[in-house]
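When reading the values below, keep in mind they use all heavy atoms of this one structure, side chains included, and skip hydrogens, waters and symmetry mates. We're numbering straight along the sequence, starting at 1. In listed order, ligands and their atoms are each counted from 1.
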Amino acid sequence: MAKKQSVDPFMEKLVSLCKRRGFIFQSSEIYGGLGSCWDYGPLGVELKNNVKRFWWEAMTHRRDDIEGLDAAILMHPKVWEASGHIAGFTDPLVDCKQCKHRFRADTIETVKCPDCGGELTEPRMFNLMFKTFMGPVEEESSVVYMRPETAQGIYVNFHNVLQPSRQKIPFGIAQIGKAFRNEITPGNFIFRTREFEQMEMQYFVHPSEDQKWFDYWKEQRWNWYLELGIRREKIRWHEHGQGELAHYAKAAYDIEYEFSFGWKEIEGIHNRTDFDLSRHAEYSGKDLTYFDQGRNEKYLPYIIETSAGADRASLVVLADAYFEEEVKGETRVALRLSPKIAPIKAAVFPLVKKDGMPEVALKIYHDLKKHFKVFYDDGGAVGRRYRRMDEAGTPYCITVDGQTLEDDTVTVRERDSMEQTRHKIAELVEVIGGKVG
Ligand code: ATP
(Lines give C-alpha, C1' and ligand atoms only; values in the text may rest on other atoms or scores of the structure.)
Protein backbone atom coordinates (compact mmCIF):
# COMPACT_ATOMS: atom_id res chain seq x y z
CA MET A 1 0.00 0.00 0.00
CA ALA A 2 2.82 2.39 0.82
CA LYS A 3 4.29 4.07 -2.25
CA LYS A 4 7.93 4.89 -1.78
CA GLN A 5 8.21 8.68 -1.74
CA SER A 6 11.33 10.26 -3.16
CA VAL A 7 12.51 12.53 -0.36
CA ASP A 8 15.33 15.01 -0.28
CA PRO A 9 18.46 14.31 1.80
CA PHE A 10 17.42 16.66 4.60
CA MET A 11 14.01 15.04 4.93
CA GLU A 12 15.62 11.62 4.81
CA LYS A 13 17.73 12.56 7.84
CA LEU A 14 14.76 14.02 9.68
CA VAL A 15 12.53 11.01 8.99
CA SER A 16 15.29 8.70 10.15
CA LEU A 17 15.88 10.67 13.36
CA CYS A 18 12.14 10.65 14.04
CA LYS A 19 12.05 6.88 13.72
CA ARG A 20 15.27 6.33 15.70
CA ARG A 21 14.21 8.45 18.64
CA GLY A 22 10.57 7.40 18.71
CA PHE A 23 8.93 10.55 17.34
CA ILE A 24 7.11 9.25 14.27
CA PHE A 25 6.70 5.85 12.60
CA GLN A 26 5.12 4.72 9.35
CA SER A 27 1.60 3.45 10.04
CA SER A 28 1.20 -0.37 10.01
CA GLU A 29 4.90 -0.69 9.30
CA ILE A 30 5.08 -4.45 9.97
CA TYR A 31 2.63 -4.92 7.09
CA GLY A 32 4.68 -2.82 4.72
CA GLY A 33 3.14 0.48 5.77
CA LEU A 34 0.01 2.38 4.74
CA GLY A 35 0.67 5.26 2.36
CA SER A 36 0.76 8.75 3.89
CA CYS A 37 -0.34 7.60 7.35
CA TRP A 38 1.99 8.10 10.30
CA ASP A 39 1.95 7.14 13.97
CA TYR A 40 3.34 9.39 16.68
CA GLY A 41 5.58 7.50 19.11
CA PRO A 42 6.46 8.34 22.73
CA LEU A 43 8.32 11.57 21.93
CA GLY A 44 6.14 12.49 18.96
CA VAL A 45 2.91 12.42 20.93
CA GLU A 46 4.48 14.66 23.60
CA LEU A 47 5.72 17.09 20.94
CA LYS A 48 2.42 17.27 19.07
CA ASN A 49 0.47 17.61 22.33
CA ASN A 50 2.77 20.45 23.35
CA VAL A 51 2.25 22.20 20.00
CA LYS A 52 -1.52 21.81 20.39
CA ARG A 53 -1.40 23.01 23.98
CA PHE A 54 0.68 26.02 22.97
CA TRP A 55 -1.98 26.87 20.38
CA TRP A 56 -4.88 26.21 22.74
CA GLU A 57 -3.40 28.41 25.44
CA ALA A 58 -2.65 31.26 23.04
CA MET A 59 -6.06 31.02 21.38
CA THR A 60 -8.36 30.31 24.34
CA HIS A 61 -6.92 30.36 27.89
CA ARG A 62 -5.03 33.61 27.49
CA ARG A 63 -8.06 35.38 25.99
CA ASP A 64 -11.53 36.31 27.12
CA ASP A 65 -13.08 36.42 23.66
CA ILE A 66 -12.58 32.84 22.41
CA GLU A 67 -14.45 29.71 23.47
CA GLY A 68 -13.36 26.13 22.86
CA LEU A 69 -15.29 23.37 21.10
CA ASP A 70 -14.80 19.68 20.31
CA ALA A 71 -17.34 18.70 17.66
CA ALA A 72 -17.92 15.21 16.23
CA ILE A 73 -16.02 14.08 13.15
CA LEU A 74 -19.18 12.70 11.55
CA MET A 75 -21.78 15.33 10.74
CA HIS A 76 -25.16 15.47 9.02
CA PRO A 77 -24.55 15.00 5.26
CA LYS A 78 -26.40 18.25 4.57
CA VAL A 79 -23.55 20.12 6.24
CA TRP A 80 -21.32 19.21 3.29
CA GLU A 81 -23.96 20.26 0.78
CA ALA A 82 -24.27 23.62 2.48
CA SER A 83 -20.53 24.09 2.81
CA GLY A 84 -20.01 23.41 -0.88
CA HIS A 85 -17.78 20.39 -0.27
CA ILE A 86 -19.97 17.88 -2.10
CA ALA A 87 -20.10 20.02 -5.22
CA GLY A 88 -16.73 21.65 -5.10
CA PHE A 89 -14.16 19.98 -2.85
CA THR A 90 -12.43 18.43 -5.79
CA ASP A 91 -8.99 18.31 -7.33
CA PRO A 92 -8.28 17.61 -11.00
CA LEU A 93 -6.57 14.24 -11.28
CA VAL A 94 -4.42 13.06 -14.19
CA ASP A 95 -2.68 9.73 -14.74
CA CYS A 96 0.39 9.02 -16.80
CA LYS A 97 -0.51 6.44 -19.45
CA GLN A 98 3.07 5.16 -19.46
CA CYS A 99 4.40 4.96 -15.87
CA LYS A 100 0.93 5.11 -14.26
CA HIS A 101 1.96 7.82 -11.78
CA ARG A 102 -0.85 10.07 -10.63
CA PHE A 103 -0.76 13.87 -10.27
CA ARG A 104 -2.89 16.83 -9.34
CA ALA A 105 -3.21 18.62 -12.68
CA ASP A 106 -3.08 22.02 -10.97
CA THR A 107 0.32 21.31 -9.40
CA ILE A 108 2.26 20.28 -12.51
CA GLU A 109 3.58 22.73 -15.02
CA THR A 110 3.96 20.55 -18.11
CA VAL A 111 1.39 18.78 -20.26
CA LYS A 112 3.56 15.64 -20.11
CA CYS A 113 4.27 13.37 -17.13
CA PRO A 114 6.87 15.08 -14.89
CA ASP A 115 8.37 11.68 -14.02
CA CYS A 116 8.80 9.98 -17.40
CA GLY A 117 7.57 12.45 -20.03
CA GLY A 118 4.70 10.12 -20.97
CA GLU A 119 1.26 11.20 -22.15
CA LEU A 120 -1.27 12.19 -19.47
CA THR A 121 -4.97 11.36 -19.33
CA GLU A 122 -7.59 14.13 -19.46
CA PRO A 123 -8.16 15.61 -15.97
CA ARG A 124 -10.97 13.99 -13.96
CA MET A 125 -12.48 15.84 -11.02
CA PHE A 126 -11.98 13.85 -7.86
CA ASN A 127 -13.82 14.59 -4.57
CA LEU A 128 -11.41 14.56 -1.65
CA MET A 129 -13.92 13.58 1.03
CA PHE A 130 -13.77 10.09 2.54
CA LYS A 131 -17.19 8.45 2.46
CA THR A 132 -18.48 5.83 4.84
CA PHE A 133 -21.85 4.44 5.96
CA MET A 134 -23.74 5.05 9.15
CA GLY A 135 -25.59 2.00 10.51
CA PRO A 136 -25.61 -1.56 9.20
CA VAL A 137 -26.87 -0.95 5.66
CA GLU A 138 -24.49 0.28 3.01
CA GLU A 139 -26.86 2.32 0.88
CA GLU A 140 -26.91 5.82 -0.54
CA SER A 141 -29.19 7.16 2.21
CA SER A 142 -26.76 6.11 4.94
CA VAL A 143 -23.69 7.81 3.47
CA VAL A 144 -21.75 10.04 5.86
CA TYR A 145 -18.45 11.80 5.34
CA MET A 146 -15.32 12.01 7.44
CA ARG A 147 -14.99 15.76 7.92
CA PRO A 148 -12.37 17.32 5.64
CA GLU A 149 -12.02 20.34 7.96
CA THR A 150 -13.03 21.13 11.53
CA ALA A 151 -14.50 24.54 10.70
CA GLN A 152 -18.02 23.35 9.85
CA GLY A 153 -18.49 22.00 13.38
CA ILE A 154 -17.93 25.55 14.58
CA TYR A 155 -20.39 27.20 12.17
CA VAL A 156 -23.25 24.84 12.96
CA ASN A 157 -22.69 25.40 16.69
CA PHE A 158 -22.54 29.19 16.47
CA HIS A 159 -25.74 29.76 18.46
CA ASN A 160 -25.12 26.81 20.79
CA VAL A 161 -21.85 28.37 21.93
CA LEU A 162 -23.04 31.97 21.85
CA GLN A 163 -25.92 31.51 24.30
CA PRO A 164 -24.32 29.77 27.30
CA SER A 165 -21.03 31.64 26.98
CA ARG A 166 -22.79 35.04 26.81
CA GLN A 167 -20.12 36.26 24.42
CA LYS A 168 -20.72 39.34 22.34
CA ILE A 169 -19.44 40.02 18.86
CA PRO A 170 -16.54 40.16 18.18
CA PHE A 171 -15.75 36.72 19.57
CA GLY A 172 -14.34 33.42 18.38
CA ILE A 173 -14.67 29.65 18.65
CA ALA A 174 -11.57 27.46 18.56
CA GLN A 175 -11.25 23.77 17.90
CA ILE A 176 -8.53 21.15 17.49
CA GLY A 177 -9.42 17.87 15.82
CA LYS A 178 -8.89 15.29 13.14
CA ALA A 179 -9.73 15.94 9.51
CA PHE A 180 -9.54 13.60 6.54
CA ARG A 181 -8.82 14.29 2.88
CA ASN A 182 -8.32 11.68 0.22
CA GLU A 183 -5.38 13.64 -1.19
CA ILE A 184 -4.23 12.65 -4.67
CA THR A 185 -0.58 13.31 -3.97
CA PRO A 186 0.17 13.11 -0.26
CA GLY A 187 3.79 13.17 0.78
CA ASN A 188 6.78 14.85 2.30
CA PHE A 189 6.42 12.92 5.53
CA ILE A 190 3.72 14.49 7.75
CA PHE A 191 3.40 17.59 5.54
CA ARG A 192 0.48 16.25 3.50
CA THR A 193 -1.34 13.20 4.78
CA ARG A 194 -4.83 11.82 4.36
CA GLU A 195 -5.59 11.88 8.06
CA PHE A 196 -4.39 14.93 9.97
CA GLU A 197 -5.24 17.32 12.76
CA GLN A 198 -6.32 20.90 12.37
CA MET A 199 -6.22 23.78 14.82
CA GLU A 200 -8.90 26.18 13.62
CA MET A 201 -10.42 29.33 15.02
CA GLN A 202 -13.41 31.19 13.58
CA TYR A 203 -13.81 34.79 14.69
CA PHE A 204 -17.28 36.32 14.29
CA VAL A 205 -17.29 40.05 13.52
CA HIS A 206 -19.54 42.88 12.37
CA PRO A 207 -19.33 43.04 8.54
CA SER A 208 -17.99 46.60 8.65
CA GLU A 209 -15.04 45.52 10.83
CA ASP A 210 -13.82 42.57 8.76
CA GLN A 211 -10.64 44.23 7.51
CA LYS A 212 -9.62 45.37 10.97
CA TRP A 213 -9.96 41.89 12.43
CA PHE A 214 -8.38 40.25 9.41
CA ASP A 215 -5.26 42.41 9.91
CA TYR A 216 -5.35 41.74 13.64
CA TRP A 217 -5.43 37.94 13.21
CA LYS A 218 -2.71 38.01 10.59
CA GLU A 219 -0.43 39.65 13.11
CA GLN A 220 -1.43 37.34 15.98
CA ARG A 221 -0.84 34.19 14.01
CA TRP A 222 2.49 35.39 12.62
CA ASN A 223 3.69 36.12 16.15
CA TRP A 224 2.56 32.70 17.35
CA TYR A 225 5.16 31.02 15.13
CA LEU A 226 7.85 33.35 16.40
CA GLU A 227 6.85 32.57 20.00
CA LEU A 228 7.10 28.91 19.09
CA GLY A 229 10.76 29.58 18.34
CA ILE A 230 10.61 29.42 14.53
CA ARG A 231 13.32 31.44 12.78
CA ARG A 232 11.93 34.70 11.44
CA GLU A 233 13.66 34.36 8.06
CA LYS A 234 12.05 30.98 7.42
CA ILE A 235 8.47 32.25 7.29
CA ARG A 236 6.77 34.60 4.85
CA TRP A 237 3.34 35.71 3.67
CA HIS A 238 1.66 34.56 0.51
CA GLU A 239 -1.40 36.52 -0.60
CA HIS A 240 -4.01 34.65 -2.62
CA GLY A 241 -4.53 36.41 -5.94
CA GLN A 242 -7.96 36.66 -7.59
CA GLY A 243 -7.57 33.32 -9.42
CA GLU A 244 -6.50 31.54 -6.26
CA LEU A 245 -9.18 32.77 -3.83
CA ALA A 246 -11.71 30.18 -2.67
CA HIS A 247 -15.29 30.91 -3.72
CA TYR A 248 -16.22 31.94 -0.16
CA ALA A 249 -13.23 34.15 0.56
CA LYS A 250 -12.90 37.90 0.23
CA ALA A 251 -9.23 37.83 1.19
CA ALA A 252 -6.76 35.10 2.09
CA TYR A 253 -3.16 35.02 3.20
CA ASP A 254 -1.05 31.96 3.88
CA ILE A 255 1.87 31.81 6.24
CA GLU A 256 4.52 29.81 4.41
CA TYR A 257 7.59 28.05 5.78
CA GLU A 258 10.73 27.36 3.81
CA PHE A 259 11.04 23.58 3.97
CA SER A 260 13.89 21.72 2.25
CA PHE A 261 11.31 20.97 -0.48
CA GLY A 262 10.35 24.62 -0.97
CA TRP A 263 8.16 27.38 0.48
CA LYS A 264 4.87 25.78 1.51
CA GLU A 265 1.68 26.81 3.27
CA ILE A 266 1.51 26.07 6.97
CA GLU A 267 -1.53 28.16 7.92
CA GLY A 268 -4.28 30.09 6.17
CA ILE A 269 -5.94 33.27 7.41
CA HIS A 270 -9.18 33.88 5.53
CA ASN A 271 -11.95 36.44 5.42
CA ARG A 272 -14.87 34.09 4.74
CA THR A 273 -17.51 36.86 4.79
CA ASP A 274 -21.00 35.66 5.79
CA PHE A 275 -20.80 32.78 3.34
CA ASP A 276 -20.81 29.97 5.91
CA LEU A 277 -23.58 31.22 8.18
CA SER A 278 -25.78 32.25 5.25
CA ARG A 279 -25.41 28.84 3.61
CA HIS A 280 -26.16 26.97 6.84
CA ALA A 281 -29.14 29.24 7.46
CA GLU A 282 -30.40 28.47 3.97
CA TYR A 283 -29.87 24.69 4.11
CA SER A 284 -31.07 24.18 7.70
CA GLY A 285 -33.92 26.69 7.58
CA LYS A 286 -32.68 28.12 10.92
CA ASP A 287 -32.13 31.78 11.67
CA LEU A 288 -28.42 32.19 12.33
CA THR A 289 -28.41 35.98 12.61
CA TYR A 290 -27.04 37.78 15.63
CA PHE A 291 -28.74 40.63 17.48
CA ASP A 292 -26.16 43.24 18.39
CA GLN A 293 -27.51 45.15 21.38
CA GLY A 294 -24.80 47.82 21.23
CA ARG A 295 -25.62 48.64 17.62
CA ASN A 296 -29.31 47.77 17.92
CA GLU A 297 -28.89 45.79 14.72
CA LYS A 298 -29.54 42.24 13.53
CA TYR A 299 -27.03 40.81 11.08
CA LEU A 300 -25.16 37.73 9.87
CA PRO A 301 -21.63 38.05 11.20
CA TYR A 302 -18.60 37.87 8.94
CA ILE A 303 -16.02 35.25 9.81
CA ILE A 304 -12.27 35.62 9.99
CA GLU A 305 -10.72 32.17 10.04
CA THR A 306 -7.27 31.04 11.15
CA SER A 307 -6.61 27.49 9.97
CA ALA A 308 -3.44 25.63 10.88
CA GLY A 309 -2.39 21.98 10.86
CA ALA A 310 -1.07 20.38 14.05
CA ASP A 311 0.98 17.86 12.07
CA ARG A 312 2.28 20.51 9.73
CA ALA A 313 3.20 22.74 12.66
CA SER A 314 4.97 19.74 14.24
CA LEU A 315 6.92 19.24 11.02
CA VAL A 316 7.83 22.93 11.02
CA VAL A 317 9.21 22.80 14.56
CA LEU A 318 11.13 19.59 13.84
CA ALA A 319 12.61 20.87 10.56
CA ASP A 320 13.42 24.26 12.03
CA ALA A 321 15.07 22.69 15.08
CA TYR A 322 17.21 20.13 13.27
CA PHE A 323 20.86 21.05 13.64
CA GLU A 324 24.19 19.38 12.95
CA GLU A 325 27.69 20.42 13.97
CA GLU A 326 31.16 18.96 14.21
CA VAL A 327 32.27 18.36 17.78
CA LYS A 328 35.71 16.81 18.32
CA GLY A 329 35.65 15.14 14.92
CA GLU A 330 32.14 13.74 15.37
CA THR A 331 28.84 14.98 14.03
CA ARG A 332 26.54 16.13 16.78
CA VAL A 333 22.85 16.12 15.83
CA ALA A 334 20.50 18.14 18.00
CA LEU A 335 16.91 19.27 17.87
CA ARG A 336 16.97 22.84 19.09
CA LEU A 337 13.31 22.77 20.08
CA SER A 338 11.93 25.58 22.17
CA PRO A 339 11.93 24.32 25.80
CA LYS A 340 8.21 25.15 25.83
CA ILE A 341 7.41 22.36 23.36
CA ALA A 342 10.31 19.92 23.87
CA PRO A 343 8.89 16.45 24.67
CA ILE A 344 11.25 15.94 27.61
CA LYS A 345 12.21 19.02 29.58
CA ALA A 346 15.17 17.58 31.46
CA ALA A 347 17.07 14.31 31.75
CA VAL A 348 18.66 13.15 35.00
CA PHE A 349 21.85 11.06 34.93
CA PRO A 350 24.12 9.59 37.56
CA LEU A 351 27.65 10.05 36.19
CA VAL A 352 28.39 6.43 37.03
CA LYS A 353 26.18 3.58 38.20
CA LYS A 354 27.78 3.30 41.66
CA ASP A 355 28.86 5.19 44.79
CA GLY A 356 25.27 6.10 45.65
CA MET A 357 24.89 8.34 42.57
CA PRO A 358 21.90 6.48 41.04
CA GLU A 359 19.98 6.83 44.34
CA VAL A 360 20.50 10.61 44.43
CA ALA A 361 19.68 10.93 40.72
CA LEU A 362 16.49 8.90 41.13
CA LYS A 363 15.40 11.08 44.03
CA ILE A 364 15.90 14.20 41.87
CA TYR A 365 14.02 12.52 39.03
CA HIS A 366 11.02 11.68 41.24
CA ASP A 367 10.94 15.22 42.68
CA LEU A 368 11.14 16.96 39.29
CA LYS A 369 8.53 14.64 37.75
CA LYS A 370 5.89 16.47 39.78
CA HIS A 371 6.69 19.69 37.92
CA PHE A 372 7.51 18.76 34.32
CA LYS A 373 8.35 15.82 32.05
CA VAL A 374 11.72 14.35 32.97
CA PHE A 375 13.64 11.27 31.90
CA TYR A 376 16.06 9.10 33.89
CA ASP A 377 18.94 7.36 32.15
CA ASP A 378 21.88 5.50 33.63
CA GLY A 379 22.80 3.40 30.57
CA GLY A 380 26.21 3.77 28.92
CA ALA A 381 28.81 6.53 28.85
CA VAL A 382 27.51 9.94 29.87
CA GLY A 383 28.60 11.43 26.51
CA ARG A 384 26.34 8.96 24.69
CA ARG A 385 23.47 9.83 27.02
CA TYR A 386 23.95 13.54 26.24
CA ARG A 387 23.87 12.80 22.49
CA ARG A 388 20.65 10.81 22.80
CA MET A 389 19.02 13.69 24.63
CA ASP A 390 20.34 16.18 22.03
CA GLU A 391 18.53 14.18 19.35
CA ALA A 392 15.39 14.06 21.47
CA GLY A 393 15.50 17.86 21.76
CA THR A 394 15.82 17.77 25.57
CA PRO A 395 16.98 21.24 26.61
CA TYR A 396 18.63 20.30 29.93
CA CYS A 397 20.62 17.37 31.28
CA ILE A 398 21.23 17.15 35.00
CA THR A 399 24.19 15.05 36.12
CA VAL A 400 24.89 13.76 39.59
CA ASP A 401 28.65 13.36 40.13
CA GLY A 402 31.17 12.94 42.94
CA GLN A 403 30.79 16.53 44.09
CA THR A 404 27.02 16.10 44.46
CA LEU A 405 27.59 13.70 47.32
CA GLU A 406 29.64 16.37 49.11
CA ASP A 407 27.70 19.59 48.56
CA ASP A 408 24.27 18.75 47.07
CA THR A 409 25.04 20.42 43.76
CA VAL A 410 24.63 18.96 40.25
CA THR A 411 25.69 20.05 36.78
CA VAL A 412 23.05 21.35 34.38
CA ARG A 413 24.11 21.02 30.75
CA GLU A 414 22.37 23.21 28.23
CA ARG A 415 21.62 21.48 24.91
CA ASP A 416 22.53 24.22 22.41
CA SER A 417 25.68 25.67 23.97
CA MET A 418 26.64 22.42 25.74
CA GLU A 419 27.71 24.64 28.64
CA GLN A 420 27.52 23.20 32.12
CA THR A 421 26.74 25.16 35.25
CA ARG A 422 26.48 23.94 38.85
CA HIS A 423 23.31 24.39 40.84
CA LYS A 424 21.98 23.34 44.21
CA ILE A 425 19.55 20.42 43.90
CA ALA A 426 16.97 22.46 45.80
CA GLU A 427 17.10 25.17 43.09
CA LEU A 428 16.47 22.90 40.09
CA VAL A 429 12.72 23.43 39.88
CA GLU A 430 13.28 27.17 39.78
CA VAL A 431 16.29 27.09 37.41
CA ILE A 432 14.65 24.82 34.83
CA GLY A 433 10.93 25.21 35.49
CA GLY A 434 10.86 28.89 34.53
CA LYS A 435 12.17 28.16 31.04
CA VAL A 436 10.12 25.12 30.10
CA GLY A 437 6.64 26.28 31.14
P1 ATP B 1 -3.56 22.68 -0.09
O2 ATP B 1 -3.96 23.69 -1.12
O3 ATP B 1 -2.08 22.63 0.18
O4 ATP B 1 -4.17 21.33 -0.28
P5 ATP B 1 -5.46 23.91 1.53
O6 ATP B 1 -5.31 25.33 1.13
O7 ATP B 1 -6.58 23.10 1.03
O8 ATP B 1 -4.10 23.17 1.32
P9 ATP B 1 -6.62 24.47 4.02
O10 ATP B 1 -7.90 23.87 3.64
O11 ATP B 1 -6.52 25.96 4.07
O12 ATP B 1 -5.46 23.89 3.12
O13 ATP B 1 -6.16 23.83 5.38
C14 ATP B 1 -5.66 24.58 6.46
C15 ATP B 1 -4.44 23.95 7.06
O16 ATP B 1 -4.67 22.58 7.35
C17 ATP B 1 -3.22 23.95 6.14
O18 ATP B 1 -2.54 25.17 6.22
C19 ATP B 1 -2.42 22.82 6.72
O20 ATP B 1 -1.65 23.25 7.84
C21 ATP B 1 -3.47 21.84 7.18
N22 ATP B 1 -3.67 20.80 6.16
C23 ATP B 1 -4.51 20.85 5.09
N24 ATP B 1 -4.46 19.72 4.38
C25 ATP B 1 -3.55 18.92 5.01
C26 ATP B 1 -3.05 17.60 4.77
N27 ATP B 1 -3.49 16.88 3.74
N28 ATP B 1 -2.13 17.10 5.62
C29 ATP B 1 -1.70 17.81 6.68
N30 ATP B 1 -2.14 19.05 6.97
C31 ATP B 1 -3.05 19.60 6.15
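- Ring centers of Phe275 and His247: under 6.0 Å apart, within the cut-off.
- Counting only heavy atoms of the protein, atom 3 (O) of ligand 1 lies nearest to Arg192 NH2, 2.8 Å.
- The closest protein non-hydrogen atom to atom 28 (N) of ligand 1 is Thr193 N, 3.0 Å.
- The aromatic rings of Tyr376 and Tyr365 lie tilted to each other, with the angle between the two planes from 30° to 60°.
- Between the side chain of Lys345 and the backbone N or O of Pro339 there is at least one donor-acceptor pair closer than 3.5 Å.
- A donor-acceptor contact shorter than 3.5 Å links the side chain of Gln26 to the backbone of Cys37.
- Taking a cut-off of under 4.0 Å to the non-hydrogen atoms of Glu183, the atoms of ligand 1 that pass are 24 (N), 26 (C), 27 (N).
- Residue-level proximity to ligand 1 for Ile266 is carried by the backbone, the only part with a heavy atom below 4.0 angstrom.
- In terms of protein heavy-atom proximity, atom 30 (N) of ligand 1 is closest to Phe196 CD1, 3.5 Å.
- Judged purely by atom type and a 3.5 angstrom limit, Asp320 has no side-chain atom pairing as donor or acceptor with the backbone of Val316.
- For atom 17 (C) of ligand 1, the nearest non-hydrogen atom from the set Glu149, Glu265, Gln198, His240 comes from Glu265.
- Atom 29 (C) of ligand 1 has its closest protein heavy atom at Phe191 O, 3.2 Å.
- Comparing Glu267, His270, Arg181 against atom 9 (P) of ligand 1, the shortest heavy-atom distance belongs to Arg181.
- Annotation for Arg312 and Phe191: closest pair NE-O, 2.8 Å, computed over non-hydrogen atoms.
- Nearest protein heavy-atom contact of atom 14 (C) of ligand 1 is Ser307 OG, 2.9 Å.
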Item checked: Derivation of the side-chain contact (heavy atoms from CB on, under 4.5 Å) call for Asp254 and Trp237 -> CA-CA 6 Å; Asp254 294 338; Trp237 285 111; over 6 Å; no
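- Residue-level proximity to ligand 1 for Arg104 is carried by the side chain, the only part with a heavy atom below 4.0 angstrom.
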